[in-house]
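Below is one structure, written out as structure tokens, with a few remarks after it.
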Amino acid sequence: MMDKSKLSAASIAAQALGWVDPVTRAVTPAIHPSSTYIRDPDNQYRSGRIYARDNNPSFDQAEAVLAALEGAAGAAVFASGMAAATAVFLALAPGDHVLAPKVMYWSLRNWLVTEATRWGLKIELVDTHDIDALRAALRPGETKLVWLETPANPLWTVTDIAAVAETAHAAGARVAVDSTVATPVHTRPLDLGADLVMHSATKYLNGHSDVVAGALVTARDDETWQRIKRIRAQHGAILGPFEAWLLLRGMRTLVPRVRQASATALAIAEHFRGHELVSAVLYPGLQDAPGHAVAARQMQGGFGGMLSLRVKAGAAAAIATAATVELWKRATSLGGVESLIEHRASVEGPTSPVPDDLLRLSAGIEDPAELIADLEQALRAAVA
Ligand code: PLP
């Protein structure tokens with residue numbers, strides 16, 4: 001008999017853990033829009049459900065599938081990736097010291113240095129991929145959280161999760177990883193020692209650019225996890241039932257989508273490496289990329305669908321390239337089935353650490369040769 005607890009990610013996701021509705025025998029779940037639940041005549045709530053801000057049956061399956069994919073003790077979906085990420089920081093106490101990457105998802109970095117500091121967190125930005133720099137910045141007993149993003153937006157720097165987890169734990173700090181780009185298809189941070197994993201589920205988990213959602217998974221169902229779940233309910237950072245349903249539908253095709261996007265990203269990176277119009281290709285899958293050795297160890301089956309190109313002719317040519325593509329879509333975000341191109345520095349503003357000649361690419365699942373040809377013609381038109 002098949003041991004279903006050992007199923008591959010592809011089978012877990014495709015069948016959403018094989019769940020069948022016990023009443024209707026439906027293979028996809030119903031959407032539960034109800035905001036409230038009947039109380040038992042003796043004043044109890046034996047169903048475990050009281051009010052939809054605390055929990056909602058529409059979350060259950062998406063959370064169970066994500067927990068299985070990540071090898072987690074629990075999962076929680078949120079209203080957005082930002083809602084999920086900020087819940088982790090809000091579960092800390094004023095005065096706690098936090099280490100986070102210098103280059104990371106821009107909006108979260110902004111929130112950390114503006115809002116989280118006002119709330120009393122001591123935020124210190126370091127090159128988290130440099131283990132010596134990280135070790136030097138850790139304050140044993142005072143540092144409560146190390147936040148990682150790997151590969152990190154938009155330079156795709158890779159951080160050795162296992163090495164950071166060992167070092168951070170020795171200093172008494174937890175490790176949380178924004179694994180939006182790696183997805184559980186390529187990396188399972190909890191297996192490498194991380195305590196928490198965050199996803200902007202808006203991206204690969206959903207995969208169709210039609211839901212804004214976030215998720216956290218945890219290695220342990222402990223007091224911190226319960227506090228994070230309380231923060232979700234109390235702050236109302238919840239996903240709508242229809243969005244949770246769409247998220248689950250998207251997750252069913254996660255594995256083939258991510259594999260295809262990663263293969264395409266690698267093909268694009270190899271095509272433009274050494275290209276006469278491109279000064280650098282940033283992609284951890286390239287053998288000479290700075291983080292390649294770590295990525296090859298901690299990413300299975302591919303290096304993700306995100307890469308960046310630096311346009312040799314400079315910022316104006318980069319912007320013109322994004323304006324001239326015909327198949328690529330000129331838009332922010334990532335992880336959808338359609339390929340997106342973005343001049344990142346203009347999105348992040350004047351204080352951004354991102355080079356102004358950089359184009360961020362999110363490979364979708366279109367024909368790779370057509371995507372490459374479109375970029376080629378746009379780069380040539382931009383410098384003509
Ligand atoms: N983390 C990463 C790596 C992201 O790219 C994003 C969004 O672009 C977020 C977090 C925030 O997610 P959301 O837009 O779902 O709030």
Side-chain angles (χ1 to χ4, degrees), residues 62 66 75-90 100-113 115-116 128-129 147-159 161 176-187 189 194 196-217 231-232 235-240 243-244 246-247 250-251 258 261 265 282 284 299 303-308 329 331-336 338-349 352-354 358 360-364:
L66 184 59
V77 292
F78 284 75
S80 66
M82 281 296 287
T86 52
V88 175
F89 296 97
L90 293 172
K102 278 187 184 158
V103 182
M104 61 183 283
Y105 172 58
W106 183 242
S107 291
L108 182 58
R109 183 185 191 268
N110 265 352
W111 181 85
L112 288 173
V113 298
E115 299 302 323
T128 46
H129 59 277
W147 183 268
L148 304 179
E149 183 181 326
T150 181
N153 249 300
L155 308 180
W156 316 115
T157 318
V158 174
T159 295
I161 298 170
V177 181
D178 181 341
S179 196
T180 298
V181 170
T183 82
V185 177
H186 293 318
T187 306
L196 292 162
V197 177
M198 175 255 155
H199 290 279
S200 167
T202 315
K203 317 301 182 200
Y204 292 99
L205 294 183
N206 174 259
H208 293 77
S209 308
D210 54 10
V211 166
V212 173
L216 292 174
V217 303
I231 288 169
R232 176 179 73 169
H235 290 215
I238 53 163
L239 197 56
E243 286 72 16
L246 275 175
L247 173 58
M251 280 169 61
V258 168
L282 311 181
M299 299 184 81
F303 298 92
M306 296 302 300
L307 73 159
S308 296
K329 297 282 171 267
T332 197
S333 199
L334 57 103
E338 64 287 294
S339 295
L340 302 182
I341 185 166
E342 183 178 39
H343 180 251
R344 195 67 199 161
S346 43
V347 171
E348 297 191 5
S352 164
V354 175
L358 181 142
R360 188 180 85 168
L361 305 177
S362 170

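Each ligand, and each atom within it, is numbered from 1 in the order the structure gives.
Residues meeting the ring pair (Phe, Tyr, Trp, His ring centres under 6.0 Å) test with F303, sequence neighbours left out: H292. Scanning for ring pair (Phe, Tyr, Trp, His ring centres under 6.0 Å) contacts around W147 gives F89, with sequence neighbours left out. In terms of the side-chain hydrogen bond (donor to acceptor under 3.5 Å, both in side chains) criterion, residue partners of S200 (sequence neighbours excluded) are, by chain and number, T202.
R232 places no side-chain N or O within 3.5 Å of a backbone atom of A83 that could act as its donor or acceptor partner.
For the side chain to side chain donor-acceptor pair (under 3.5 Å) with K203, the qualifying choice from S333, S362, S209 is S333, the only one to do so.
We find the CG-CZ distance between L282 and R360 to be 12.5 Å, quoted to the nearest 0.5 Å.
Contacts of ligand 1 (protein heavy-atom distance under 4.0 Å) are S80, G81, M82, Y105, E149, N153, D178, T180, M198, S200, T202, K203, A213, L334.
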